[in-house]
Asks: 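Quick one: this structure, given as structure tokens, is what I'll be asking you about.
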Amino acid sequence: MTENLHIKKIPVIAIIGPTAVGKTKFSLELARRLNAEVISVDSRQVYRYLDVGTDKVSPDIRREILHHLIDIADPDQVYSAADFASDATDAIGRIRNRKRVPLLIGGTPFYYKALCGTLSEDLPKDAAVREMLKEEIEKKGLAELHNELSSVDPAAAAKIHPNDPVRTMRALEIYRITGRPATWWYENQAKMGSPFDIFYIGLIRERSNLYKNITARVREQFSNGYPEEVEWLLAQGYSPSLPALQGFGYRELVQYVKGSCSYEEALEGDIRSTKAFSRRQMTWFRHYEPAMWYDFDKYEMSEAMEDVLPHCIRHLEQEGKD
RNA sequence: GGCGGGAUAGCUCAGUAGGUAGAGCAACGGACUGAAAAUCCGUGUGUCCCCAGUUCAAUUCUGGGUCCCGCCA
């Protein structure tokens, strides 16, 4: 038992913070200083053709600093947090084989959670079962499905709010595929576990300034081809109901392209949802208790860089020690 | 200038057959086991435009004023 405590964990650096706080710019400079390769922790940048709306770094920069887990799935695929955990683990391994430093950057908190190894191993999923559950909600209503969950998996039903279709369906999905309640799997299935010792650097700035950045960014995206990008995706035949197109901006712009809302409405809607998302990110990131927090309203980015660099190096060097 | 409609939460508006008010959105907080930029939960004191009148009591009724929006000149 105690042997496990001596297994050496792989040191990794991660930059977390809400959208539009300045993670990307900071990460590029840090990557140069550490001779690092970047692993994107972003549930939208994994998709090809979602470029403007997801604020991907340019190909030029990607040639200079290698970026992983960007453009690895088509928009009609469903890329999951578990996929991420496994892909990111592979990528970190390859980076280390090159004697380089893995640097995690991105704003998808659930992906960090997956990488921390707290998800249960090998939980099944099945698109067809999911589709059937969706139809049942249409026909019978969500309340009916939640009742069904109460009878097959009372513990899950107690935790999942009756108004939450996604979690209700997921719990029933596991039950229907395996014949055992999701709760049974959670309790009896091993957790994925994580070989990483992640050093979190948190970036933050005052709410009103963050909101200003968000507004400016979304406006810029809109005038730099965001509507055209969505128009193109729809023209390729990608369905608006795909998970890839459920993000803010994409959702609103689908309406705009179809003519059911105005350009202004789409723009305002995107800004609103992005702000709401930044708040949700913050409630996650508060739990991570980063080793360092940098408030970009009080710190110049360069000051933060000088300050954090020695800590990163110390963290990376601890590998040799026990 | 004439006629009509309006003025209530940050915004759009509902409402009180007279007993000081509530939805959606926003804002803020929270949850989160393979869709997570998803999904869901919680939090509602505001000169009910101003002045006067009627009344035990007016945001609600009456009169006047101010501003806004239509239509007609």
Side-chain angles (χ1 to χ4, degrees), chain A residues 18-20 40-47 50 53-56 73 75-88 106-127 129-131 133-134 137 142 146 153 155-156 158-171 173-174 177-178 181-193 207-208 210-211 214 217-218 221 226 239 241-254 265 268-287:
Chain A
T19 187
S40 159
V41 188
D42 187 304
S43 67
R44 302 294 136 166
Q45 293 191 2
V46 298
Y47 292 111
L50 276 62
T54 63
D55 244 31
K56 282 177 192 162
D76 53 3
Q77 290 178 271
V78 179
Y79 189 85
S80 72
D83 294 332
F84 171 81
S86 130
D87 290 347
T108 300
F110 190 43
Y111 281 13
Y112 286 103
K113 177 170 178 172
L115 197 59
C116 287
T118 53
L119 305 191
S120 301
E121 259 178 356
D122 299 324
L123 286 185
K125 69 169 179 175
D126 187 318
V129 173
R130 238 172 242 196
E131 204 46 50
L133 285 163
K134 253 183 214 167
I137 285 188
L142 176 56
H146 197 271
D153 189 350
K159 264 191 257 171
I160 297 168
H161 195 279
N163 291 346
D164 189 338
V166 171
R167 291 194 172 76
T168 303
M169 283 193 288
R170 174 62 183 151
E173 179 189 0
I174 294 175
I177 297 169
T178 66
T183 303
W184 185 90
W185 292 100
Y186 298 157
E187 284 168 0
N188 295 286
Q189 186 81 332
K191 302 290 182 255
M192 292 199 285
R207 190 64 64 92
S208 61
L210 186 68
Y211 283 0
I214 287 172
R217 168 184 291 183
V218 174
Q221 289 173 330
Y226 198 176
S239 160
S241 63
L242 289 167
L245 294 181
Q246 295 310 304
F248 40 75
Y250 290 97
R251 215 180 342 189
E252 286 85 359
L253 280 167
V254 164
E265 284 169 335
E268 295 302 323
D270 188 352
I271 292 170
R272 247 181 280 141
S273 322
T274 308
K275 287 179 186 171
F277 174 58
S278 73
R279 272 180 256 129
R280 264 178 279 137
Q281 286 177 304
M282 287 312 298
T283 84
W284 275 94
F285 288 146
R286 279 177 199 129
H287 302 315

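Because the structure is predicted, anything quoted here is derived from the model rather than measured. Letters A, B, ... mirror the listed sequences (proteins, then strands); counts begin at 1.
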Asks: For B:G29 and A:R286 - does any side-chain N or O of the residue sit under 4.0 Å from the phosphate oxygens OP1/OP2?
Replies: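 It does, given that an N or O in the side chain of A:R286 lies less than 4.0 Å from OP1 or OP2 of B:G29.
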Asks: Can you identify which nucleotide, out of B:G29, B:U33, B:A38, has its nearest atom closest to the A:R251 side chain?
Replies: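 Shortest atom-to-atom distance from the side chain points to B:A38.
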Asks: Give a yes/no answer on whether the side chain of A:R130 brings an N or O atom under 4.0 Å of OP1 or OP2 in B:G34.
Replies: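 No, because none of the side-chain N or O atoms of A:R130 sits under 4.0 Å from OP1 or OP2 of B:G34.
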Asks: Can you check the distance between B:U20 and B:G44, where both ends of the measurement are the C1' atom (answer in whole Å)?
Replies: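 It works out to 16 Å between them.
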Asks: Can B:G15 be described as syn, meaning its chi torsion is within 90° of 0, or is it anti?
Replies: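 Chi for B:G15 falls in the anti range.
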Asks: Between the base of B:U33 and the side chain of A:S120, is one N or O donor paired with an acceptor at under 3.5 angstrom?
Replies: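 Side chain to base: pair present.
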Asks: Under 4.0 Å: is that the gap between some side-chain N or O of A:R170 and OP1 or OP2 of B:A36?
Replies: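 No, because none of the side-chain N or O atoms of A:R170 sits under 4.0 Å from OP1 or OP2 of B:A36.
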Asks: Nearest-Å distance, CE (A:M169) to P (B:G34)?
Replies: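 So the two atoms are 12 Å apart, to the nearest Å.
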Asks: Please give the distance between the P atoms of B:G64 and B:U45 as a whole number of Å.
Replies: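 Roughly 35 Å separates the two P atoms.
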Asks: Mark yes or no for a side-chain to base donor-acceptor pair under 3.5 Å between A:R167 and B:C32, with no hydrogen or angle criteria applied.
Replies: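 When only heavy-atom distances are counted, A:R167 does reach the base of B:C32 through a donor-acceptor pair under 3.5 Å.
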Asks: What's the closest nucleotide to the side chain of A:W284 if the choices are B:G34, B:C32, B:A38?
Replies: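 Nearest listed nucleotide: B:C32.
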Asks: Are any of A:N163's side-chain N or O atoms less than 4.0 Å away from OP1 or OP2 of B:C41?
Replies: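 Checking B:C41 against A:N163, a side-chain N or O does come within under 4.0 Å of OP1 or OP2.
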Asks: Mind calculating the distance between NE2 (A:H161) and C1' (B:C41) to the nearest angstrom?
Replies: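 Nearest whole value for this atom pair: 6 Å.
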Asks: Provide the distance between the two P atoms, one in B:C50 and one in B:C40, to the nearest whole Å.
Replies: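 Comparing P positions in B:C50 and B:C40 gives a spacing of 40 Å.
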Asks: Identify, between A:R280 and A:P124, the residue whose nearest nucleotide on RNA chain B lies closer to the 5' end.
Replies: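 Result of the comparison: A:P124.
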Asks: How many Å lie between CZ on A:R272 and P on B:C11, as a whole number?
Replies: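 Computing the A:R272:CZ to B:C11:P distance gives 15 Å.
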Asks: Could you work out the separation of B:U16 and B:G42 based on their P atoms and round it to a whole Å?
Replies: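 After rounding to an integer number of Å, I get 27 Å for this pair.
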Asks: Given that both distances must come in under 3.5 Å, which nucleotide forms a Watson-Crick or G-U wobble pair with B:G4?
Replies: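 Pairing partner: B:C69.
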Asks: With rounding to the closest Å, how many angstrom separate the P atoms on B:G63 and B:C13?
Replies: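 About 26 Å, rounded to a whole number of Å.
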Asks: Taking the side chain of A:V78 as its heavy atoms from C-beta onward, which of B:A35, B:A38, B:U33 lies nearest to it?
Replies: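 When the side chain of A:V78 is considered, B:A35 is the closest of B:A35, B:A38, B:U33.
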Asks: Indicate, with a heavy-atom threshold strictly under 4.0 Å, whether A:G249 touches base, sugar-phosphate, or nothing.
Replies: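 Answer is nothing: A:G249 stays at 4.0 Å or more from every strand.
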Asks: Using OP1 and OP2 only, check whether a side-chain N or O of A:K125 sits under 4.0 Å from B:A35.
Replies: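 For B:A35, OP1 or OP2 has a side-chain N or O of A:K125 closer than 4.0 Å.
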Asks: Counting heavy atoms from C-beta on, name the nucleotide in B:A27, B:G34, B:U39 closest to the side chain of A:A82.
Replies: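 Side chain of A:A82 sits closest to B:G34.
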Asks: Mind checking the CD-CD spacing from A:E131 to A:E173? Nearest 0.5 Å is all I need.
Replies: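 The CD atom of A:E131 sits 11.0 Å away from the CD atom of A:E173.
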Asks: Does atom NZ (A:K159) have a neighbourhood of more than 12 heavy atoms from anything else shown, all under 6.0 Å?
Replies: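 Atom NZ in A:K159 is not crowded, with 12 or fewer foreign heavy atoms closer than 6.0 Å.
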Asks: Whole angstrom is fine here: how far is it from NZ in A:K159 over to P in B:C41?
Replies: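 After rounding, the reported distance stands at 18 Å.
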Asks: Nearest to the A:R44 side chain among B:G30, B:A36, B:C41, which nucleotide is it?
Replies: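 Shortest atom-to-atom distance from the side chain points to B:A36.
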Asks: For atom P, what is the distance between B:C41 and B:U33, given to the nearest Å?
Replies: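 The answer is 15 Å between these two P atoms.
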Asks: Find the partner of B:G10: check Watson-Crick (N1-N3 plus N6-O4 or O6-N4) and G-U wobble (N1-O2, O6-N3) distances, both under 3.5 Å, and reply none if neither fits.
Replies: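 The base-pairing partner of B:G10, which may sit in any strand shown, is B:C25.
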Asks: Please state how far atom OH in A:Y112 lies from atom C1' in B:A36, giving the value in whole angstrom units.
Replies: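 It works out to 14 Å between those atoms.
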Asks: Between A:Q281 and A:G107 (side chain of the first, backbone of the second, donor and acceptor by atom type, cut-off under 3.5 Å), is there such a pair?
Replies: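 Pair found, side chain donor or acceptor close to backbone of A:G107.
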Asks: Yes or no on side chain to side chain contact (heavy atoms under 4.5 Å, CB included) for A:R217 and A:T274, after CA distance, side-chain angles and deciding distance?
Replies: CA-CA 10 Å; A:R217 168 184 291 183; A:T274 308; over 6 Å; no
Asks: Can you find a side chain N or O atom of A:Y111 that sits less than 4.0 Å from OP1 or OP2 on B:A36?
Replies: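 For B:A36, OP1 or OP2 has a side-chain N or O of A:Y111 closer than 4.0 Å.
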Asks: Spell out, as yes or no, whether a donor-acceptor pair under 3.5 Å connects the side chain of A:E252 to the backbone of A:E265.
Replies: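 Checking the backbone N and O of A:E265 against the side chain of A:E252, no donor-acceptor pair under 3.5 Å is found.
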Asks: Atom OH of A:Y47 and atom C1' of B:A36: how far apart are they, to the nearest Å?
Replies: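 These atoms are roughly 10 Å apart.
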Asks: In whole Å, measure the gap between the C1' atoms of B:A58 and B:G15 for me.
Replies: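 That atom pair is separated by 15 Å.
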Asks: I need the single residue from A:Y111, A:Y112, A:Y79 that forms a ring-ring contact (aromatic ring centres under 6.0 Å, His included) with A:F84. Which is it?
Replies: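 Of all the options given, the one that passes is A:Y111.
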Asks: Scan A:K275 against the nucleic acid and name what it touches under 4.0 Å (heavy atoms): base, sugar-phosphate only, or nothing.
Replies: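 Contact class for A:K275: sugar-phosphate only.
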Asks: Just to confirm, is there a sub-4.0 Å distance from OP1 or OP2 of B:A26 to any side-chain nitrogen or oxygen of A:R279?
Replies: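 Checking A:R279 against B:A26: no side-chain N or O falls below 4.0 Å of OP1 or OP2.
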Asks: Specify the closest pair of heavy atoms between A:F277 and A:T19, including all atoms of both residues, with the distance to one decimal.
Replies: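 The pair with the smallest heavy-atom distance is CD2-CG2, 4.3 Å.
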Asks: Using atom CG of A:D153 as one end and atom C1' of B:U33 as the other, report the distance to the nearest whole Å.
Replies: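 Whole-Å distance recorded here is 12 Å.
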Asks: Give me the distance, rounded to whole Å, that separates B:A14 from B:U60 when you measure between the C1' atoms they each carry.
Replies: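 Straight-line distance between the two C1' atoms is 14 Å.
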Asks: Paired with B:U45: which nucleotide, if any, by Watson-Crick or G-U wobble criteria at under 3.5 Å for both distances?
Replies: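 Here B:U45 is not engaged in any pair, so there is no nucleotide opposite it.
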Asks: 5'-most contact on RNA chain B: A:F277 or A:L119, nearest heavy atom basis?
Replies: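 Closest to the 5' end, via its nearest nucleotide, is A:L119.
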Asks: Under 4.0 Å between any heavy atoms, over every strand shown, what does A:T108 touch: base, sugar-phosphate, or nothing? Just pick one.
Replies: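 Here A:T108 touches the backbone only, sparing every base.
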Asks: Is the phosphate of B:G30, meaning OP1 or OP2, less than 4.0 Å from a side-chain N or O of A:H287?
Replies: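 No, no such contact exists.
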Asks: Does any part of the side chain of A:V254, heavy atoms only, come nearer than 4.5 Å to the side chain of A:R251, both counted from C-beta?
Replies: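 They are not in contact (no side-chain heavy atoms under 4.5 Å apart), so the answer is no.
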